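First up is the structure itself, then whatever we jot down about it.
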Amino acid sequence: MGLGNQTCISEFLLLGFSRERGTNMVLFAVVLCMYLVTLAGNTLIIVATCIDPRLSTPMYFFLCNLSVLDIGYTTSVVPQSLVHIVTNLKSIPFNRCIAQLYIALFLGSIEYFLLAFMAYDRYVAICHPLHYKIIMSRSVYLQMIMASWLFGLTNAVVHTTFTMRLRFCNNNTINHFCCELLAVMNLACSDRFVNDIGLMVSGVLVLFIPCSLIVLSYVYIIRAILRIRSAEGRHRAFSTCTSHLTVVILCFGTTMIAYMTPKAEASSNRDKMLSFFYAVVTPMLNPLIYSLRNKEVKAALTKIMERKNVDLLR
């Protein structure tokens, strides 16, 4: 039962992607492989940043936090979805659904602020390289991390509280593979005006402001890069930003389409695909993007694998 006895149902039914057994078995194998790659890739990033002294900089500290968030976010969604894919049990208790919604909101919100702080870090590194260690001191980037987690916590608590105040009547079927905020809100049989206002405010604070800060940072970064005389210098400077910029486009692009598209243009199947992309695909791609396009990360990962091979030979 919900908070304050506001709901008439005790569980939700998640429809998932398909009801055909053959399709579900293929989907199970694909999602499981993607989940394992996500866990392995992000764990390697965390280990590399923790043991390699060359990666003890603010940028890689942010990257380590991003990997932690990706593991937590995808783990809050995928295991439950895998169970639903291979079994006839499609139900999820009301309280567990709300908990899944809260964790996804909490970790997802942190990521947007974290990406904005990573953009600021790149701005300082390229536009003020001589003052980088002073501006991005340990206390400063730790405060940035703490601010990200605080903003994420606040956003998740507000939306979860508003959602639990809603009344859910007879319809408990969610056309989704997880307890996504909009999908749950659409089942409410009570007035959701406060929830919609909360979504608008959250869209500005959690999406628009961080995205604007990222755009502003890259405007100054590009201006600074264009002032570099040598082509090699420009390429080297911009190459330090391409991984972060790719992740920003993947993360903000899919979320903005899902949450900021007019309702008339939205569809359940499209929303499911977008949610699948930023809940499963993006966490898997993030470590691949950073490791494939970053020499320091590749060197650290190579060092780890070489050390592991030596230990196995012993």
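Not measured: the values here are computed from a predicted model.
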Show the nearest heavy-atom pair for residues [X] and [Y], with the distance to one decimal.
X	Y	value
Phe277	Pro283	O-CD, 4.4 Å
His84	Ser91	NE2-O, 3.4 Å
Ile174	Cys178	CG2-O, 4.3 Å
Leu181	Leu101	CA-CD1, 3.7 Å
Leu226	Arg234	CA-CD, 4.3 Å
Leu55	Tyr60	O-CB, 3.1 Å

Discussion item. Determine whether a donor-acceptor pair (N or O, by modelled atom type, separation under 3.5 Å) exists between the side chain of Thr254 and the backbone of Cys251.
Written reply: yes
Worksheet item: So, Thr75 side chain and Gly72 main chain: donor-acceptor pair closer than 3.5 Å or not?
Response: no
Nearest 0.5 Å please: distance from the [atom1] atom of [X] over to the [atom2] atom of [Y].
X	Y	atom1	atom2	value
Leu39	Asp70	CG	CG	10.5 Å
Ser202	Phe151	OG	CZ	12.0 Å
Leu14	Asn175	CG	CG	10.0 Å
Leu27	Leu82	CG	CG	8.5 Å
Thr163	Leu105	OG1	CG	7.5 Å
His176	Asn186	NE2	CG	10.0 Å

Item to complete: Could you tell me how the ring of Phe177 sits relative to the ring of Phe17: parallel (under 30°), tilted (30 to 60°) or perpendicular (over 60°)?
Response: parallel
Worksheet item: Between Tyr112 and Ser148, is any side-chain donor less than 3.5 angstrom from a side-chain acceptor?
Response: no
Practice prompt. Measure centre to centre between the rings of Trp149 and Phe113, then say whether the value is under 6.0 Å.
Written response: no
Starting from [Y], can I reach [X] by hopping between I/L/V/M/F/W/Y residues whose side chains sit under 4.5 Å apart?
X	Y	value
Leu150	Ile110	no
Phe162	Phe106	no
Val194	Val158	yes
Ile45	Leu245	yes
Val248	Ile222	no

Are [X] and [Y] side-chain neighbours, meaning at least one heavy-atom pair lies under 4.5 Å?
X	Y	answer
Val31	Phe276	yes
Glu111	Leu107	no
Tyr141	Phe117	no
Met34	Val30	yes
Ile145	Leu114	yes
Glu11	Arg96	no
Leu63	Met59	no
Val77	Ile103	no

Donor-acceptor contacts, no H, no angles, side chain residues 118-130, under 3.5 Å, sequence neighbours left out:
unit_1	atom_1	unit_2	atom_2	d
Asp121	OD1	Tyr132	OH	2.5
Tyr123	OH	His128	NE2	3.1

Practice prompt. Could you give me the CA-CA distance, side-chain angles and deciding distance for Ser76 and Tyr102, then say whether side chain to side chain donor-acceptor pair (under 3.5 Å) is met?
Written response: CA-CA 10 Å; Ser76 72; Tyr102 169 80; over 6 Å; no
Worksheet item: Are Phe168 and Phe12 close enough, and set up right, to give a ring-ring contact (aromatic ring centres under 6.0 Å, His included), and what steps lead you there?
Response: CA-CA 10 Å; Phe168 300 93; Phe12 291 109; 5.5 Å; yes
Worksheet item: Would the SG atoms of Cys179 and Cys97 measure under 2.5 Å apart?
Response: yes
Worksheet, complete the sentence: side-chain contact (heavy atoms from CB on, under 4.5 Å) test vs Ser67 passes for just one of Asn42, Thr49, Asn286, namely Asn42
